[in-house]
Undergrad: 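Got a structure for you, questions after.
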Protein chains: 2
Amino acid sequence: MPSPLEKARQDPNSMKARILASARKVFGEYGYNNTTTRMIAKDVGIDISTLYYHWGEKQDLYEAVLEDVGDAIQHKLNEIERNVSGQSLTTRLEIALDMMCDYLFSHPEVPNLILYGYFNKAPNGVTLDIKMTEHIANIAVAMELAPNKNQISVQARARILAVWNTVLNFISAENFFRPMLETDREHYIQVVKETLKFILVPAFTADK
Amino acid sequence: MPSPLEKARQDPNSMKARILASARKVFGEYGYNNTTTRMIAKDVGIDISTLYYHWGEKQDLYEAVLEDVGDAIQHKLNEIERNVSGQSLTTRLEIALDMMCDYLFSHPEVPNLILYGYFNKAPNGVTLDIKMTEHIANIAVAMELAPNKNQISVQARARILAVWNTVLNFISAENFFRPMLETDREHYIQVVKETLKFILVPAFTADK
DNA sequence: ACGTGTTTCCAACACTTGATGGAAGCATTT
DNA sequence: AAATGCTTCCATCAAGTGTTGGAAACACGT
């Protein structure tokens with residue numbers, strides 16, 4: 001029995017899938033509490049009842065979006081892992097950073113949704129919670145910072161969290177940070193990558 | 001002619017001041033959109049009309065809170081600057097970090113409000129925007145990373161932003177991060193400081 | 001052409017929210 | 001005691017929200 005989310009992915013033109021795509025976009029821009037079901041319906045170009053017919057409660061739709069985003073990240077992490085295998089630690093880190101930044105900068109709703117998940121007292125973030133722990137572990141193993149998923153030191157986890165969050169913040173708060181750095185978008189991306197590499201490399205190569 | 005905010009500070013027991021304090025607390029916990037004027041009034045223990053009588057629109061009250069918090073940060077930065085003057089760069093950084101962490105961990109509404117300011121599409125964050133640029137410049141000068149406020153390289157600003165944000169995130173998202181690190185509060189603070197120092201020191205001592 | 005099951009929309013409901021008008025309470029001066 | 005000005009509260013409004021019932025439109029096998 002396929003979940004609603006799986007069903008929506010089977011046909012990207014289905015109403016279910018179109019609603020999910022709009023929901024991801026709008027939730028990603030305004031957050032859960034500042035998004036109304038009417039806004040999403042309008043973005044799809046349908047009546048609000050049609051939305052409820054397909055997805056039920058607002059919260060259910062939101063959770064589907066979070067799951068969708070979580071899967072997308074996992075997918076990207078896997079892709080990165082394939083690309084960096086065999087390289088030296090420093091090279092791995094740099095490639096990983098580059099790829100992740102490019103992905104997130106072109107899908108800004110992803111970091112937005114994750115950060116909204118942290119801070120808002122919004123509906124239970126259980127789903128996201130589990131995923132995050134999972135992602136952190138995956139990053140650690142992919143970067144060979146730990147022998148396996150169950151043996152990651154608190155310090156290593158904290159450093160991954162720190163870097164991961166710095167990435168998310170730079171992207172989500174671009175509209176806020178960019179004026180402060182007085183750069184255009186292209187240069188901003190450059191500076192962000194540079195800054196991250198600067199922080200990242202010592203953080204993970206120092207005591208190895 | 002004193003501003004409403006100044007007026008409220010003159011007597012901390014005045015109704016204006018009590019409302020401001022509650023507003024800071026509640027806005028800091030739930031963010032602008034998730035806070036109702038009724039919640040604040042209830043926290044003070046007064047009727048909602050009394051709140052409107054003293055502060056007018058919700059947005060005005062919010063802006064007063066942001067200004068209040070901005071001033072508090074500036075005050076803390078000044079205190080830190082006095083404490084670190086004369087020390088070596090590394091010592092300055094470590095002391096600054098320690099003091100700022102202690103302050104923010106015991107006033108979690110401060111990082112919350114700042115981060116809400118970044119991410120929410122809420123009312124114009126102009127006030128906060130100006131303050132932030134100012135704070136970054138002050139940090140740079142206090143840490144002697146730049147000769148004066150008007151000559152801070154983009155790279156230096158980006159690094160300060162990165163570290164500053166990492167601090168805010170670790171504190172605001174404590175409820176989210178701490179389970180992932182499986183530590184108690186005391187140990188969490190320790191790990192955060194340690195991680196920050198680890199990131200901070202190379203970030204500001206490497207190319208000086 | 002007809003029936004059946006699915007999909008879409010219109011209209012409405014109950015509730016919350018920001019905001020206000022006006023009456024009552026309180027303090028101070030005359 | 002009366003008058004005045006400030007403060008507080010009750011009752012209410014208008015707009016917006018999540019959600020639903022039911023009627024129309026549609027697709028499609030018979």
Side-chain angles (χ1 to χ4, degrees), chain A residues 1-2 4-5 7-27 29-66 116 120-124, chain B residues 1-2 4-66 116 120-124:
Chain A
M1 185 182 69
L5 185 58
K7 219 169 180 179
R9 283 204 269 247
Q10 285 170 10
D11 176 10
N13 285 326
S14 69
M15 187 53 75
K16 236 182 161 59
R18 286 170 54 205
I19 295 173
L20 186 69
S22 283
R24 179 168 158 166
K25 174 177 144 193
V26 181
F27 276 134
E29 184 158 10
Y30 298 99
Y32 183 79
N33 293 290
N34 230 357
T35 297
T36 70
T37 49
R38 282 170 177 82
M39 287 164 69
I40 300 173
K42 190 174 181 181
D43 190 80
V44 187
I46 56 169
D47 185 86
I48 183 181
S49 303
T50 307
L51 187 149
Y52 277 90
Y53 172 76
H54 284 282
W55 284 102
E57 292 187 6
K58 178 185 178 185
Q59 188 168 331
D60 292 340
L61 176 55
Y62 186 64
E63 279 169 16
V65 167
L66 286 191
Y116 279 130
N120 283 2
K121 299 269 174 189
N124 63 58
Chain B
M1 185 182 71
L5 185 57
E6 284 159 358
K7 219 166 178 181
R9 280 185 189 136
Q10 286 171 9
D11 176 9
N13 285 327
S14 70
M15 186 53 76
K16 237 181 161 57
R18 285 171 55 206
I19 295 173
L20 185 70
S22 284
R24 178 169 159 164
K25 174 176 143 194
V26 181
F27 276 135
E29 183 157 13
Y30 299 99
Y32 184 79
N33 293 293
N34 230 358
T35 297
T36 70
T37 49
R38 283 168 176 82
M39 287 164 70
I40 300 173
K42 190 173 182 182
D43 191 80
V44 186
I46 56 170
D47 185 87
I48 182 182
S49 304
T50 308
L51 186 149
Y52 278 90
Y53 172 76
H54 284 281
W55 283 103
E57 294 186 7
K58 179 185 180 186
Q59 188 168 335
D60 291 341
L61 176 54
Y62 186 64
E63 278 169 16
V65 167
L66 287 190
Y116 278 130
N120 284 3
K121 298 271 172 191
N124 64 55

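So that the names make sense, note that chain A is the first sequence line, chain B the second, and so on, each numbered from 1.
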Undergrad: Applying the salt bridge (charged side-chain N to carboxylate O under 4.0 Å, His left out) criterion to A:Asp43, which one of A:Arg18, A:Lys25, A:Arg24 satisfies it?
TA: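 Testing each of A:Arg18, A:Lys25, A:Arg24 against A:Asp43, the sole residue satisfying salt bridge (charged side-chain N to carboxylate O under 4.0 Å, His left out) is A:Lys25.
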Undergrad: Which listed nucleotide (C:dC9, D:dC10, D:dT19) is nearest to the side chain of B:Asp47?
TA: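 Within the option list, the nearest is D:dC10.
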Undergrad: Check this one for me: any side-chain N or O of A:Tyr52 less than 4.0 Å away from OP1 or OP2 of D:dT19?
TA: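 Answer is yes, contact under 4.0 Å.
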Undergrad: Counting C-beta onward and ignoring hydrogens, is there a side-chain heavy-atom pair between A:Val44 and A:Thr50 closer than 4.5 Å?
TA: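 Counting from C-beta outward, A:Val44 and A:Thr50 never come under 4.5 Å.
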Undergrad: How close or far is atom P of D:dC10 from atom NZ of B:Lys42, stated in whole angstroms?
TA: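 It is 14 Å, rounded to the nearest whole Å.
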Undergrad: Please figure out whether A:Met39 or A:Ser49 has its closest DNA chain D nucleotide nearer the 5' end.
TA: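 This one resolves to A:Met39.
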Undergrad: What integer distance in Å separates A:Trp55:CH2 from D:dT19:C1'?
TA: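 Taking CH2 of A:Trp55 and C1' of D:dT19, I get 18 Å after rounding.
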Undergrad: Could you tell me the separation between the CD1 atom of B:Ile48 and the P atom of C:dG21, rounded to a whole number of Å?
TA: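 My rounded result for the distance is 14 Å.
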Undergrad: Whole angstroms only, please: what is the CG-P distance between A:Asn34 and C:dT17?
TA: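 So the CG-P distance, A:Asn34 to C:dT17, works out to 14 Å.
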Undergrad: Mind listing the closest non-hydrogen atom pair of B:Met15 and B:Ile46 along with its distance?
TA: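 Here B:Met15 and B:Ile46 meet closest at CE-CG2, 3.7 Å.
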Undergrad: Where the side chain of B:Glu57 is concerned, which of C:dG18, C:dA19, D:dT19 is the nearest nucleotide?
TA: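 When the side chain of B:Glu57 is considered, C:dA19 is the closest of C:dG18, C:dA19, D:dT19.
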Undergrad: Base, sugar-phosphate or nothing for A:Ile46? Non-hydrogen atoms, less than 4.0 Å.
TA: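 Sugar-phosphate, no base atom in range.
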Undergrad: Please determine whether a side-chain nitrogen or oxygen atom of A:His54 lies at a distance below 4.0 Å from atom OP1 or OP2 of C:dT8.
TA: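 It does, given that an N or O in the side chain of A:His54 lies less than 4.0 Å from OP1 or OP2 of C:dT8.
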Undergrad: Which nucleotide in the list D:dC9, C:dG18, D:dC6 gets nearest to the side chain of B:Thr50?
TA: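 Of the candidates, D:dC9 comes closest.
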Undergrad: How close or far is atom C1' of D:dT7 from atom NZ of B:Lys16, stated in whole angstroms?
TA: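 Result: 12 Å.
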Undergrad: Under a 4.5 Å cut-off applied to non-hydrogen side-chain atoms, are B:Leu61 and B:Leu20 in contact?
TA: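 Yes; the side chains approach each other to less than 4.5 Å.
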Undergrad: Just how far, in rounded Å, is C1' of D:dC9 from CE of B:Met15?
TA: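 From B:Met15 CE to D:dC9 C1': 11 Å.
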Undergrad: If I take atom CD in residue A:Gln59 and atom C1' in nucleotide D:dT19, what distance separates them, rounded to the nearest angstrom?
TA: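 Checked: the CD to C1' distance equals 14 Å.
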Undergrad: Starting at atom CG of A:Asn33, determine the distance to atom P of C:dT17, rounded to an integer number of angstrom.
TA: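 Result: 11 Å.
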Undergrad: Report yes or no: is there a donor-acceptor pair, N or O only, under 3.5 Å between the side chain of B:Arg38 and the base of C:dG18?
TA: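 Yes.
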Undergrad: Can you tell me which residue among B:Tyr30, B:Trp55, B:Phe27, B:Tyr116 is in a ring pair (Phe, Tyr, Trp, His ring centres under 6.0 Å) with B:Tyr62?
TA: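 Option passing the ring pair (Phe, Tyr, Trp, His ring centres under 6.0 Å) with B:Tyr62: B:Phe27.
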Undergrad: For C:dT7, does OP1 or OP2 lie under 4.0 Å from any side-chain N or O of A:Tyr53?
TA: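 Yes, A:Tyr53 has a side-chain N/O under 4.0 Å of OP1/OP2 on C:dT7.
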